[in-house]
2 protein chains.
Amino acid sequence: MAGSSQSLTRSPRPDNRRELLLDAAARLFSDEGFHAASMRDIAKAAGMLSGSIYYHFESKEELLLAIYEEGARRLAEAVENAIARETDPWARLEAACAAHLGGLIAHRDYARVMIQTPPDAGGSVESRIRDLRRRYEARFRALIEALPAPGDIDRRYLRMLLFGALNWSPVWFRPERDSPETVAKQFIAMLRRSLN
Amino acid sequence: MAGSSQSLTRSPRPDNRRELLLDAAARLFSDEGFHAASMRDIAKAAGMLSGSIYYHFESKEELLLAIYEEGARRLAEAVENAIARETDPWARLEAACAAHLGGLIAHRDYARVMIQTPPDAGGSVESRIRDLRRRYEARFRALIEALPAPGDIDRRYLRMLLFGALNWSPVWFRPERDSPETVAKQFIAMLRRSLN
DNA sequence: CTTCGCACCAAGCAATCGTTTGCTATGCAC
DNA sequence: GTGCATAGCAAACGATTGCTTGGTGCGAAG
């Protein structure tokens, strides 16, 4: 009985390398893609043998799901903290965008796995991944719904425009040139005037 | 001496199935991903055996490159035709966006292969793919440079915002609900006012 | 001092991978 | 009708894949 649910057993040891394993897998999934990265490569990057991974995760797909969950958790936490400090709807949206962008950089490997894994990836974990994706997007949907004065612009297209641009950013974003706050401010500035 | 360059030999027969093979490969690469789709699956979808693919393409990566080239050619052609009918800079950009979106739908499989294949995919064809990508993006860069009155907005961020949103559109676009022209019009309308 | 669960290692399983090889049937050119 | 290029088929190659199994060192609990 391996896996991540150690419910009725003893607590994990302090030298547990599950987190290290997750980082290594995220790195390789991000760089090479899910199918191109082998369990042997992942194990080697974490300093163990391929069979040992199955003590921590039931399958390669469950490993992917765990990365997705951890990435979504981190991003959601960053966004939640950011919008809690603002009250104005536009400021909240801008803060959320900056936090989202910042999270894509800070947790680059996890984020790229999330973005590159298509919603129709198939497999047994597909529905659970789609659920995580939907739940995270709901946050942004709510922020955009809260904006005043829709005007003649469809909120749905505004959401797609903004969310698409944000998720595409790992392709072009250069940390030494751009800052999350600057990009978010510019993006929001371009859109804000269209709703007045 | 197989491969796509039949320079000094005879012309292909009318029953040549290279195009059918390319369509099948695009379909499978798009649906399952490059590594998940096997040469045997592709061959079966095209009604042949896996070894027969190597008469038309030297390797799996060359097959990917051929799909990328064909997709880029079709998209570029659509964009070129669309902007030729317009003179106003904003109208030209909107027409290019509509053509780009229309191309993503009309050649869905080819387009998704292009978008999902990351610029740092690695392998021997990586540089050639990056080149195709860069050349296509240069079209949009020129259209945005031609816009009047930059104002206080950085053209680079405008380009990233728009291009990111366009390339993310296959995720949410529903042909029965949206039309490329409508989406392009809405997107441009949201951005246009910010430059005045 | 014994026991037990944690966190692995070492070895190997069947299956599948991209690719190569030898051969063949078809059709056009001369 | 002979010669050659086209467009495959049939079968196999070594390598790699995700995963399983049996065992083991170790630290803590009794």
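Bear in mind the structure is a predicted one, so any value in this text is a computation, not a measurement. Within every chain, numbering begins at 1; the chains are lettered A, B, ... in the order of the sequence lines, protein sequences first and strands thereafter.
- Taking CG of B/Leu143 as the reference point, atom CD1 of B/Ile83 lies at 5.0 Å (rounded to 0.5 Å).
- With hydrogens and angles ignored, the 3.5 Å screen pairs no side-chain donor or acceptor of B/Asp131 with any backbone N or O of B/Ser127.
- At whole-Å resolution of the value, OH in A/Tyr54 and C1' in C/dA10 are 16 Å apart.
- Close to C/dA7, at under 4.0 Å from its OP1 or OP2, lies no side-chain N or O of A/Arg17.
- Note on A/Tyr55: every side-chain N or O is 4.0 Å or more away from OP1 and OP2 of C/dC8.
- We find that CG of B/Leu49 is positioned 10 Å from C1' of D/dA11, with the value rounded to whole Å.
- Side-chain atoms of B/Gln116 never come within 3.5 Å of backbone atoms of A/Gln116 as a donor-acceptor pair (strictly under, hydrogens ignored).
- Ring geometry, B/Phe187 versus B/Trp172: the interplanar angle falls from 30° to 60°, so the pair is classed tilted.
- When the side-chain nitrogen and oxygen atoms of B/Ser52 are compared with OP1 and OP2 of D/dA7, none of them lie within a distance under 4.0 Å.
- Summary of the strand contacts: A/Ala36 and A/Gly51 both lie near DNA chain D, and taking for each the nucleotide with the nearest heavy atom, the more 5' one is attributed to A/Ala36.
- Rounding to whole angstrom units, CD of residue B/Glu61 and C1' of C/dT19 are separated by 13 Å.
- Between A/Phe163 and A/His100, the ring planes lie tilted relative to each other; the angle falls in the 30° to 60° range.
- Counting all heavy atoms, side chain and backbone alike, A/Leu104 lies closest to A/Leu166 at CD1-O, 3.6 Å.
- Rounded to a whole Å, the CZ atom of B/Phe34 is 13 Å from the P atom of C/dC17.
- Other residues, nucleotides and ligands place more than 12 heavy atoms under 6.0 Å from the CZ atom of A/Arg74.
- One finds no side-chain N or O of B/His56 lying less than 4.0 angstrom from the OP1 or OP2 phosphate oxygen of D/dT6.
- If you check residues 38-47 of chain B against DNA chain D, the residues with a heavy atom closer than 4.0 Å are B/Arg40, B/Gly47, listed by number.
- Here the C1' atom of nucleotide C/dT16 and the NE2 atom of B/His35 are 15 Å apart, to the nearest Å.
- When rounded to the nearest whole Å, the span between CD1 of B/Ile53 and P of C/dC17 equals 12 Å.
- When the P atom of D/dG18 is taken as reference, atom CZ of A/Phe57 falls 15 Å away, rounded to whole Å.
- Residue B/Ser50 is in base contact, counting any heavy-atom pair closer than 4.0 Å across all strands shown.
- As a whole-Å value, the separation of B/Met48 CE from D/dT6 C1' is 12 Å.
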